[in-house]
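Read the structure below first, then the notes.
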Amino acid sequence: MMTKVRNVGDISKYNMIRNYPLLKPHFDGVIVRIGYRGYGAGVIKEDARFREHMKGLIDCRIPYGFYFMSQAVTESEAAAEAEYCYGMTEGYDPAYPTYYDSELSNPKGNGRADQLSRADRTVIAKAFCRRMEELGRRAGVYASKSWFETRLYAAELAAYSIWVAQYNSACGYKATAYDMWQHTDCYRIPGLDTRFDKSYCYAELEGGVEDTGRKASADGLPLSEGAHSYSLRRDGQKRILIDDRESNFLLREFRCRDGSDEILLDSGLVEFLQKVRDHFGKAVSVTSAYRTPSHNRSVNGATSSYHMKGKAADFTVTGVSNREVAKYLQGIGAKGIGLYDYTGGFVHVDTREKKYYWQQDARNGKAYGVSTFGRMETYQVKGRMVATVRYNDRGDYVRFLQEELGVTADGIFGAETEEAVRIFQKTHCLTVDGVAGPKTWDALL
């Protein structure tokens with residue numbers, strides 16, 4: 001029995017929809033963008049209209065699925081994106097998979113992931129899909145025909161749902177079977193002032209998978225106490241054990257980015273990161289751990305860097321401000337902590353024995369010593385005490401900003417607040433970066 005071909009749309013913040021019932025005669029289902037990873041700083045952000053779109057679709061009983069636009073440059077980041085997507089959609093019941101969107105970040109092709117090798121990009125896409133299915137959601141990959149044929153090894157992704165884009169009267173993609181074909185980005189619906197992407201869906205897709213537990217590696221990897229040498233080739237895919245229990249980390253997440261086989265790793269470092277993971281309940285993305293001396297020189301690392309000893313990691317926690325992470329590490333007794341407190345920054349933790357905390361407030365700025373991470377730096381603007389706040393920040397300064405902007409004042413700097421800041425900056429001829437700094441506060445007050 002042949003499956004009925006269904007018409008499927010996809011929507012994001014760029015689709016302003018005033019009347020959701022008008023979608024129903026045209027689309028049998030809609031794929032909604034959950035969010036994206038920024039192509040410069042690499043911060044994961046919610047699509048500004050995600051919640052609005054979901055309410056509209058659910059109210060109209062239109063089946064839905066999800067997609068996320070990635071700029072992950074490591075498997076760790078891709079898994080974090082999958083966990084973010086699951087966290088954002090845990091309360092929903094999708095009829096379609098969650099798709100990993102793999103494409104250029106912008107027409108210049110200068111995004112953080114745009115120059116990945118074909119092999120690396122494929123491994124990263126698989127990491128997203130694998131983690132998504134471990135969490136109980138069916139996963140897929142979206143890309144253009146040429147992207148599947150030249151920037152991904154499509155055959156390695158064939159176990160997942162394939163959604164191919166080719167704006168043509170016929171689809172010429174033959175690298176693998178495919179479930180959906182996006183054939184236009186110019187579909188119009190009378191009464192709605194926006195263009196839609198439209199796809200044909202040829203398969204009966206389910207939003208979930210039966211196995212909702214983690215697919216554990218065949219054998220875990222217990223670490224010897226202290227810092228020791230391990231092999232990427234032999235043990236890279238093994239999940240690290242802490243006290244004979246599986247951690248959330250694979251050994252390969254701590255490898256040197258130059259591809260060396262040897263991985264130096266301190267068991268105490270993994271214990272710190274696992275405590276962070278358990279406390280916040282959010283994915284931890286390790287961006288730099290062990291470095292060979294040559295690689296450390298190539299990234300201008302300190303000559304005595306703890307990274308070369310396998311005792312340090314730079315990382316972020318999805319959906320949590322770096323300051324909150326540093327503050328938590330301080331509370332559990334970590335002695336080496338660095339807070340890189342700017343958009344796209346990160347937290348450094350190491351296992352040194354003598355306490356030293358430091359902070360850096362700009363990408364090209366200088367680091368300076370601090371005694372605590374509990375306080376934001378504040379300053380006065382027109383008689384009011386304020387602080388620079390950005391995506392993922394929380395607290396009274398965020399709430400004050402929201403009150404001045406006229407958006408929901410919940411004290412959480414999320415997608416709605418950032419969009420309002422960007423609009424305000426644009427209308428006041430300020431740098432549009434979504435960060436409420438001194439110039440934005442001055443104009444606002």
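These values consider heavy atoms only, across backbone and side chains, with no hydrogens, waters or symmetry-generated copies. Residues take their numbers from the sequence shown, with the count starting at 1. Remember, predicted model here, so these are calculated numbers, not experimental data.
Considering only heavy atoms from C-beta on, Met16 comes within 4.5 Å of Arg49 through its side chain. Arg112 places a side-chain heavy atom less than 4.5 Å from the side chain of Arg37. Counting heavy atoms from C-beta outward, Met54 and Phe66 have side chains that approach closer than 4.5 Å. Residues Asn248 and Val284 are not in side-chain contact: their nearest non-hydrogen atoms beyond the backbone lie 4.5 Å or more apart. Annotation: side chain of Ile58 is in contact with side chain of Tyr92 (closest heavy-atom distance under 4.5 Å). Two residues are said to be in side-chain contact when any heavy atoms from C-beta on lie closer than 4.5 Å; Glu253 and Glu75 fail this criterion. Using a 4.5 Å heavy-atom cutoff, the side chains of Glu46 and Arg51 are in contact.
Within the 3.5 Å criterion, the main-chain N or O of Ile412 finds a donor-acceptor partner in the side chain of Gln402. Distance alone, capped at 3.5 Å, is enough to place a donor-acceptor pair between the Gln425 side chain and the Asp433 backbone. Checking side-chain atoms of His428 against main-chain N and O of Phe424 turns up a donor-acceptor pair under 3.5 Å. Within the 3.5 Å criterion, the main-chain N or O of Tyr340 finds no donor-acceptor partner in the side chain of Arg363. A donor-acceptor pair is defined here as one N or O able to donate and one able to accept, closer than 3.5 Å; no such pair exists between the side chain of Thr408 and the backbone of Asp410. Here the side chain of His183 pairs no donor or acceptor atom with the backbone of Asn168 at under 3.5 angstrom. Without hydrogens or angle criteria, Ser285 side chain to Ala80 main chain gives no donor-acceptor distance under 3.5 Å. No side-chain donor-acceptor contact under 3.5 Å links Gln274 to the backbone of Val270. The closest donor-acceptor contact from the side chain of Lys382 to the backbone of Asp442 lies under 3.5 Å. Between the Tyr84 side chain and the Ala79 main chain, no donor and acceptor come within less than 3.5 Å of each other.
Residue Tyr14 places its OH atom among 12 or fewer non-hydrogen atoms of other residues, nucleotides or ligands, all under 6.0 Å distant. In this structure, Lys327 places its NZ atom where only 12 or fewer heavy-atom neighbours from other residues, nucleotides or ligands lie under 6.0 Å away. For CG of Asn19, the number of neighbouring non-hydrogen atoms (other residues, nucleotides, ligands) closer than 6.0 Å is greater than 12.
Taking the charged nitrogens against the carboxylate oxygens, Asp314 and Arg291 do have a contact shorter than 4.0 Å, which makes a salt bridge. Looking at Arg399 and Asp396, a side-chain N of the basic residue comes within less than 4.0 Å of a carboxylate O on the acidic one, giving a salt bridge. Classification of Glu404 and Arg384 as a salt-bridged pair fails, no side-chain N sitting under 4.0 Å from a carboxylate O.
How far CD1 of Ile189 is from CG of Leu23: 5.0 Å, rounded to the nearest 0.5 Å. Leu405 CG to Thr417 OG1: the interatomic distance, rounded to the nearest 0.5 Å, is 7.5 Å. Taking CG of Asp193 as the reference point, atom CG of Asn15 lies at 11.0 Å (rounded to 0.5 Å). Going from atom OG of Ser247 over to atom NZ of Lys275 covers 14.0 Å, rounded to the nearest 0.5 Å. If you take CG on Leu152 and OG on Ser146, they are separated by 10.5 Å, rounding to the nearest 0.5 Å. Atom OG of residue Ser76 and atom CZ of residue Arg255 lie 9.0 Å apart, to the nearest 0.5 angstrom.
In this structure, Arg390 is not positioned above the aromatic face of Phe413 in the sense of NZ or CZ being under 6.0 Å from the six-membered ring centre and within 45° of the axis.
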query = His307 and His348: ring pair (Phe, Tyr, Trp, His ring centres under 6.0 Å), yes or no, with the steps?
reply = CA-CA 10 Å; His307 285 281; His348 168 105; 5.2 Å; yes
request  = Just do the side chain to side chain contact (heavy atoms under 4.5 Å, CB included) check on Tyr200 and Asn7 with the steps written out, would you?
outcome  = CA-CA 5 Å; Tyr200 294 130; Asn7 295 307; 3.5 Å; yes
key: Evaluation steps, salt bridge (charged side-chain N to carboxylate O under 4.0 Å, His left out), between Glu377 and Arg323   = CA-CA 11 Å; Glu377 182 182 355; Arg323 178 173 295 278; over 6 Å; no
ask   = Please walk me through it: do Arg422 and Glu419 pass salt bridge (charged side-chain N to carboxylate O under 4.0 Å, His left out)?
value = CA-CA 5 Å; Arg422 288 180 178 276; Glu419 190 77 0; 5.5 Å; no
Working for ring pair (Phe, Tyr, Trp, His ring centres under 6.0 Å), residues Phe400 and Trp441 = CA-CA 11 Å; Phe400 177 43; Trp441 278 113; 5.5 Å; yes
request  = For the pair Tyr357 and Thr372, evaluate side chain to side chain donor-acceptor pair (under 3.5 Å) and give the outcome as yes or no after the intermediate values.
outcome  = CA-CA 7 Å; Tyr357 302 152; Thr372 182; over 6 Å; no
request  = Evaluate side chain to side chain donor-acceptor pair (under 3.5 Å) for Glu81 paired with Ser70, printing each intermediate quantity in order.
outcome  = CA-CA 8 Å; Glu81 291 174 352; Ser70 175; 2.8 Å; yes
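Glu83 pairs with exactly one of Lys282, Arg277, Arg137, Arg130 by the salt bridge (Lys or Arg N to Asp or Glu O under 4.0 Å) rule, that one being Arg277. Among Tyr96, Phe196, Tyr64, the one residue that satisfies the ring-ring contact (aromatic ring centres under 6.0 Å, His included) test with Phe27 is Phe196.
Side-chain contact of Thr343 with Tyr391: a donor-acceptor pair under 3.5 Å is absent, judged by distance alone. Side-chain atoms of Gln115 and Asn110 form no donor-acceptor pair, as typed in the model, at a separation below 3.5 Å.
Classification of the Tyr178-Tyr202 ring pair by plane angle, with boundaries at 30° and 60°, yields perpendicular. Taking the six-membered ring where tryptophan is involved, the planes of His279 and Tyr328 are essentially parallel, since the angle between them stays under 30° and well short of 60°. A tilted orientation is assigned to the rings of Phe148 and Tyr173, their planes being inclined by 30° to 60°.
Sorted by first and then second residue, the ring-ring contact (aromatic ring centres under 6.0 Å, His included) pairs with a member in residues 105-140 read Tyr100-Phe128; sequence neighbours excluded.
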